[in-house]
Every structure is written in C-alpha cells, then in structure tokens.
J.: 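Structure in structure tokens, see below.
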There are 2 protein chains.
Amino acid sequence: MSVVPAEPVESPEPAWRQRAVERSTRAAKLRAEQRVQRFLDAAQELIADKGTTDFTVQEVVERSRQSLRSFYQHFDGKHELLLALFEDALSRSATEMRERLSTVTGPLDRLKVAVDLLYDSSTPREGQQSPLFTDFAIQLLVSHPDQVATAHLPLLALFTELVEDAVKAGQAVTPRPRRTASLIMQTAMFTAQAPAAPVGAQPSRIGAEDVWEFCLGGITGAGQATGGESGTQKAAAPKKAATKRTTTKKSAAPKGATRTKA
Amino acid sequence: MSVVPAEPVESPEPAWRQRAVERSTRAAKLRAEQRVQRFLDAAQELIADKGTTDFTVQEVVERSRQSLRSFYQHFDGKHELLLALFEDALSRSATEMRERLSTVTGPLDRLKVAVDLLYDSSTPREGQQSPLFTDFAIQLLVSHPDQVATAHLPLLALFTELVEDAVKAGQAVTPRPRRTASLIMQTAMFTAQAPAAPVGAQPSRIGAEDVWEFCLGGITGAGQATGGESGTQKAAAPKKAATKRTTTKKSAAPKGATRTKA
DNA sequence: GTATGACGAGAATGATATTCTCGCTTCGAT
DNA sequence: ATCGAAGCGAGAATATCATTCTCGTCATAC
C-alpha cells in the first residue's frame with residue numbers, strides 16, 4: 001500500500017518485474033494474512049468468552065501470542081479489527097440466512113423468516129454468541145457509519161431481493177425496495193437491541209412477531225395476524241393487492257426463487 | 001441517602017424530628033441542586049460549542065467553575081451527567097412536540113408531523129444542535145439501556161397517545177399501541193441516525209418521508225403517498241379501515257384532541 | 001553472507017475518567 | 001460568637017486503554 005512509487009503511471013512497469021516482485025511478495029502476504037487471522041480469531045474468542053466487545057487490545061495480543069507491535073502493523077487500530085469482525089459476521093450471517101431460506105417458499109414467508117432470523121441474531125445473549133450485531137455494531141455506527149453501511153451490504157442485498165420478490169409476487173408494494181429493505185432491517189436489528197420497558201409495564205419486550213407485523217402492515221394494519229405458525233398468509237389476506245397470492249405466485253414466483261441464490 | 005440509621009423501622013421516628021431535620025436539609029439540598037444545575041449548564045454549553053458530547057469532565061468542571069471533587073460528589077460519573085442531559089432533552093422535546101402538534105388536527109397528520117419532527121431531531125447536524133439524540137444516545141443505549149428506556153418515556157407516551165388516537169379514529173390498527181409507538185419512534189430515530197449508502201448508490205439517504213410511508217403502510221403498501229404536502233390524507237385512502245376518515249373523525253376526534261395535552 | 005523488513009518484548013506516551021489528600025469555608029446549632 | 005461537620009477547591013495520584021516507540025533478534029531474499 002505504501003510501496004507505491006513516487007512517479008505517476010509512466011512506463012507500464014514490465015510485467016516480468018511485476019511477477020518477480022509478486023512472487024517475492026506472495027509469501028510475505030500469506031504470512032501476514034495468517035497473522036491477521038490469528039488476531040481475528042483471538043478477538044472472536046474473547047468476544048465469545050466475555051460476551052462483550054470490551055476486550056483490550058492487549059488481551060487480543062496475548063491470546064493470539066503475538067505482539068502489540070505486530071497488531072498495529074496489521075491494523076489501523078482496534079476499530080479496524082472490530083470492523084473486520086463485523087463485516088465478516090454480517091457476511092457470514094447473510095450466507096447462513098440464505099441457506100435457511102432455501103427451504104421456505106412463499107415470498108412473504110421468506111421475508112418473515114429472514115426478519116425472525118435477523119431479529120434473533122441481533123438479540124443480546126448473556127451466554128455467548130456474537131454481540132457483533134449488538135453493542136459493538138452500535139458503537140461502530142457512531143464512529144464509522146460508512147463502513148458499517150458497507151458491512152451491511154450483504155444483508156441489505158438479501159433483504160432487498162426478498163422485498164423485490166414479494167413485490168413481484170404482488171404481495172408487497174414499495175417504490176424503492178432497497179430503502180424498504182433497509183428499513184425492515186433496521187427495525188428488526190434495533191428493536192432486538194432495544195431495552196425492555198423500564199418500569200413495570202406489561203408491554204415489556206417487543207418481539208420478532210411485533211416487528212414483523214409492523215413491517216408488514218405498518219399502522220394501517222394490513223398485517224394483523226396476531227396468531228402463530230404460518231401467520232404470514234393470513235396477514236396479507238385483508239389487503240387488496242396482496243390477496244391473490246395464488247394467482248400472482250404463478251407469474252412472479254419463478255424469478256423470485258431463482259434470485260434467492262444469485 | 002447514606003444517612004439512613006442502622007436500625008430498621010422501629011419507632012415511627014417522631015414527626016417533629018423529621019421536620020426539623022428536613023428543614024436543616026432543605027437548604028443544603030437546594031444548594032446541591034444549584035451546583036448540579038451549573039454542571040448541567042456547563043455541559044450543555046460545551047455540547048453546543050463543540051457540537052459533540054466528547055467533552056471532558058475537566059472541561060465541564062472548569063466551565064462551571066467548580067471542582068472535580070464536587071462533580072463526583074454530585075454525579076456518579078460522566079454517564080450520569082449525560083443521562084441527566086439526555087432525559088432532559090427528550091422530555092423537553094416531547095413538550096415542544098406537543099406544542100407544535102397543537103396546531104395539527106387529523107390523527108394521522110399529527111402522527112406524521114410527530115415522525116417528521118422526531119426524525120429531524122435525530123438527524124446528525126454538523127453545525128450545532130443536540131447530538132443528544134444522536135451519537136450520545138447511541139452510546140448510552142449500549143451502556144445503560146434501562147435508563148435510556150426511561151428517558152424515552154415522555155416521547156413514548158406522546159407517540160402512544162398519537163397512535164391510540166389514530167386507532168380510535170379508525171385510521172390505524174394495532175393491538176398494542178404502545179409497542180407500535182415504540183416501533184415508530186425507533187424507526188424514525190435510528191433511520192435518521194443511519195449512514196447514507198456507502199458506495200455510489202442512488203437510493204442514498206432514507207428520509208423522513210420514507211420512514212413515514214413505511215410506518216404507515218408497512219410493505220403491504222397501505223400508505224403509498226409518494227407525493228408531497230398533505231400526503232397523509234391520500235396515503236390512507238386505499239386502505240379499507242382508513243378510508244372513512246370523515247366519518248370516524250366525528251366520533252373519535254374529540255377524544256383525540258383532548259388527550260393531546262393530557 | 002549480509003542487508004532488510006517483520007517481529008517480540010515491553011517501556012513510554014497520551015488522553016481520560018475517577019479517586020484521594022489537604023486545607024479552607026460555610027452553614028447550622030448551641 | 002463559637003464549634004464541628006459537611007461541602008468544596010485545587011490539584012496530585014491512580015487506573016485504564018489505545019497507540020507509539022526502542023531495541024534487539026531472526027528469517028528471508030538476493
């Protein structure tokens with residue numbers, strides 16, 4: 001990165017030289033990546049152990065049996081480490097979500113499941129798991145909003161697809177699927193994150209169900225399937241555009257099913 | 001607080017003694033409150049000046065012309081100071097919002113305006129304003145979720161009223177107004193807070209309008225008034241339950257208007 | 001075989017929050 | 001007016017981290 005020659009792009013820099021350097025470089029790069037990975041793993045362990053992202057750079061260094069020196073040679077700072085972990089987790093999560101969704105068929109059902117999964121992932125666990133979506137994500141949101149947005153891309157892509165599919169199936173309406181997807185994600189993630197009611201209020205915690213209903217029908221109540229198992233179906237029923245599920249599915253579903261893996 | 005006698009509630013502790021002590025106490029308490037206020041004011045000024053909550057306790061102390069000693073005698077720590085400021089700001093905001101809403105009539109319009117205002121308050125401003133809703137609020141969400149929830153109460157109460165009114169007017173549907181209100185608030189606040197799209201994507205920033213549409217109709221599209229000025233009206237039209245605005249208003253509106261100030 | 005760059009160990013720095021020590025005032029009761 | 005306790009100011013002392021820097025060592029490329 002900092003090895004860029006001072007001169008601008010003058011001579012195309014003969015390919016052979018490139019390759020020679022590259023060969024020399026490759027090994028080093030590989031070692032570097034291994035080290036980075038060790039830091040990453042160590043951090044991950046610490047997070048799992050302490051259940052929080054409040055670990056110290058020192059701890060990471062010790063656990064990875066490396067040195068502070070090395071750490072700062074590979075990372076711009078703690079925030080970069082966290083960012084790396086964050087991106088990785090979200091990307092991984094998107095992939096896993098796609099897998100689980102492969103067994104679900106209806107566009108709206110798929111979206112609902114996705115919301116459930118996301119909500120679940122974002123719920124703080126005392127025990128273990130990754131608070132990657134939770135506290136830590138929020139900290140980053142303050143300090144490095146852009147990069148957080150980048151990290152969200154994989155999931156956002158997934159949700160956007162889901163929304164688009166639902167729209168194509170005539171089971172949802174929105175002029176800008178991407179924005180809507182973003183709103184759904186945010187609602188699920190932050191709600192899961194949010195604290196229960198403070199005092200002795202009954203409406204305590206807002207669950208994934210509540211989130212789903214809200215996302216589905218907003219406040220005009222299109223999606224008021226308070227019930228249980230396959231609520232999605234019923235939910236959409238009262239709505240005009242969403243009723244002909246069977247019909248629309250015929251025309252739009254194929255595309256939807258395909259895009260899921262794309 | 002730490003002056004509680006060791007013995008349990010044995011003798012009802014003669015009232016006169018109580019009063020005597022109380023009288024002695026009152027003055028001190030008053031002085032204490034003044035000092036606290038000075039800290040609060042100083043902090044507020046710093047926030048306004050620097051446009052961030054990254055001020056130092058030292059700075060607060062200096063600005064308030066008091067001492068660290070004193071600061072920690074009155075506050076459990078910096079976070080308590082922030083919390084105090086936060087609660088105050090939110091409470092104040094709820095009040096102000098109520099005022100502005102006093103000129104708006106339709107239940108849904110009122111809710112929309114509230115969402116707009118909240119979104120606006122929560123939008124990060126480089127210049128000045130209160131980062132109290134933004135970065136700082138998020139930090140607290142991580143470290144003191146319960147207290148944040150408490151701080152949200154005033155606004156939550158307001159939004160709950162608005163939602164309930166809308167429901168009573170037949171312009172909204174929800175089994176648990178409080179939860180719905182909470183969801184609306186979160187959506188508005190966090191979305192305003194969220195970063196713009198990372199790459200060169202067009203759908204860039206999600207605006208208050210988008211938030212409102214989403215809250216209104218969810219993804220089933222009950223509220224698709226992409227338009228402008230008094231969009232709310234049109235938005236509700238396509239929905240079955242929401243259409244008879246004129247009709248329902250007759251029966252439910254009076255109650256709604258009343259509660260606004262309650 | 002030697003120069004170079006990466007590394008480990010750990011000290012040094014710098015920024016902050018929080019605590020502690022020492023006297024000096026002030027307030028309130030007698 | 002006087003005394004004792006509590007409150008307070010000034011600022012040193014701690015504690016915690018992140019981040020940087022110094023000094024050798026060692027592996028590797030040439």
Side-chain angles (χ1 to χ4, degrees), chain A residues 1-3 16-39 42-43 46 50 52-84 136 139-140 142-144, chain B residues 1-4 16-17 19-39 42-43 46 50 52-84 136 139-140 142-144:
Chain A
M1 308 240 172
S2 49
V3 206
W16 65 265
R17 177 179 289 277
Q18 289 253 354
R19 260 175 282 132
V21 172
E22 201 267 338
R23 218 174 318 156
S24 282
T25 287
R26 191 156 37 202
K29 178 177 293 182
L30 217 156
R31 256 173 302 158
E33 276 170 12
Q34 283 183 309
R35 282 178 179 283
V36 166
Q37 194 53 53
R38 281 169 66 191
F39 283 124
L46 282 172
K50 323 210 311 181
T52 172
T53 56
D54 286 339
F55 57 78
T56 291
V57 174
Q58 271 298 339
E59 296 178 299
V60 174
V61 163
E62 285 162 15
R63 193 140 195 160
S64 68
R65 302 172 158 288
Q66 295 179 92
S67 66
L68 260 182
R69 178 79 169 61
S70 211
F71 179 85
Y72 283 102
Q73 180 149 21
H74 294 292
F75 293 93
D76 211 25
K78 186 182 180 182
H79 81 95
E80 255 208 16
L81 170 69
L82 292 178
L83 225 22
F136 156 24
Q139 288 176 227
L140 286 180
V142 176
S143 53
H144 307 274
Chain B
M1 307 238 175
S2 50
V3 207
V4 183
W16 64 265
R17 177 178 289 275
R19 259 176 285 133
V21 172
E22 202 269 338
R23 216 175 321 158
S24 281
T25 285
R26 192 158 33 205
K29 177 178 292 185
L30 218 155
R31 254 171 304 155
E33 277 170 10
Q34 284 183 307
R35 281 178 180 281
V36 166
Q37 194 53 51
R38 280 169 65 191
F39 283 124
L46 283 172
K50 322 210 313 181
T52 172
T53 57
D54 286 340
F55 56 79
T56 291
V57 175
Q58 271 297 341
E59 296 177 301
V60 175
V61 163
E62 285 162 15
R63 192 140 195 159
S64 69
R65 303 173 158 287
Q66 294 179 92
S67 66
L68 262 182
R69 176 81 168 61
S70 211
F71 179 85
Y72 283 102
Q73 179 150 18
H74 294 294
F75 292 94
D76 211 25
K78 186 183 180 180
H79 81 96
E80 256 208 16
L81 170 68
L82 293 178
L83 225 21
F136 160 26
Q139 288 176 225
L140 286 180
V142 176
S143 53
H144 308 275

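The structure displayed is predicted, hence computed values, not measured ones. We name chains A, B, ... by the order of the sequence lines, and we start the count at 1 in each one.
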J.: In whole Å, what is the span from the CZ atom of A:Arg31 to the P atom of C:dG8?
T.: 12 Å

J.: With a 4.0 Å cutoff (strictly under), does any side-chain N or O of B:Tyr72 reach OP1 or OP2 of C:dT19?
T.: no

J.: Would you indicate what B:Phe55 reaches in the nucleic acid, counting non-hydrogen atoms under 4.0 angstrom: base, sugar-phosphate, or nothing?
T.: sugar-phosphate

J.: Tell me whether the side-chain N/O atoms of B:Arg69 come closer than 4.0 Å to OP1 or OP2 in D:dG11.
T.: no

J.: For the CD atom of B:Glu59 and the CG atom of B:Asp54, what is their distance to the nearest 0.5 Å?
T.: 9.5 Å

J.: Rounding to an integer number of Å, can you tell me how far B:Leu30 CG sits from C:dT26 C1'?
T.: 16 Å

J.: May I have the distance from A:Leu81 (atom CG) to D:dA18 (atom P), rounded to whole angstrom?
T.: 11 Å

J.: When the ring planes of A:His79 and A:His144 are compared, do they come out parallel, tilted or perpendicular, using 30° and 60° as the limits?
T.: parallel

J.: According to a strict under-4.0 Å criterion, is A:Gln58 in side-chain N/O contact with OP1 or OP2 of D:dA18?
T.: no

J.: Please tell me which of A:Arg38 and B:Val57 maps to the more 5' nucleotide of DNA chain C, matching each residue to the nucleotide holding its nearest heavy atom.
T.: A:Arg38

J.: Using only atom types and a distance under 3.5 Å, with no angle test, would you say the side chain of B:Arg38 pairs donor to acceptor with the backbone of B:Ser64?
T.: yes

J.: Calculate the interatomic distance between B:Phe39 atom CZ and D:dG9 atom C1'; express it in whole Å.
T.: 11 Å

J.: Which of the following nucleotides, C:dT18, C:dG8, C:dG10, is nearest to the side chain of A:Arg35?
T.: C:dG8

J.: To the nearest 0.5 Å, tell me how far B:Asp76 CG sits from B:Leu81 CG.
T.: 12.0 Å

J.: Between B:Ser67 and D:dA10, does any side-chain N or O lie under 4.0 Å from OP1 or OP2?
T.: no

J.: Nearest whole angstrom, please: distance from the P of C:dA15 to the NZ of B:Lys78.
T.: 15 Å

J.: Starting at NZ of B:Lys29 and ending at P of D:dA6, how long is that distance when rounded to a whole Å?
T.: 17 Å

J.: Within 45 degrees of the ring normal and closer than 6.0 Å to the centroid, is that where the cationic atom of B:Lys78 sits relative to B:Phe71?
T.: no

J.: Categorize B:Ala27 for me: base, sugar-phosphate, or nothing, with a 4.0 angstrom heavy-atom threshold over every strand shown.
T.: sugar-phosphate

J.: Between B:Arg26 and C:dG28, does any side-chain N or O lie under 4.0 Å from OP1 or OP2?
T.: no

J.: What does A:His74 touch in the nucleic acid at a heavy-atom separation under 4.0 angstrom: a base, only the sugar-phosphate, or nothing?
T.: sugar-phosphate

J.: Rounded to whole angstrom units, what separation is found between the CD atom of B:Gln73 and the P atom of C:dT18?
T.: 15 Å

J.: Roughly how many Å is it from CD in B:Glu59 to P in C:dA15, rounded to a whole number?
T.: 12 Å

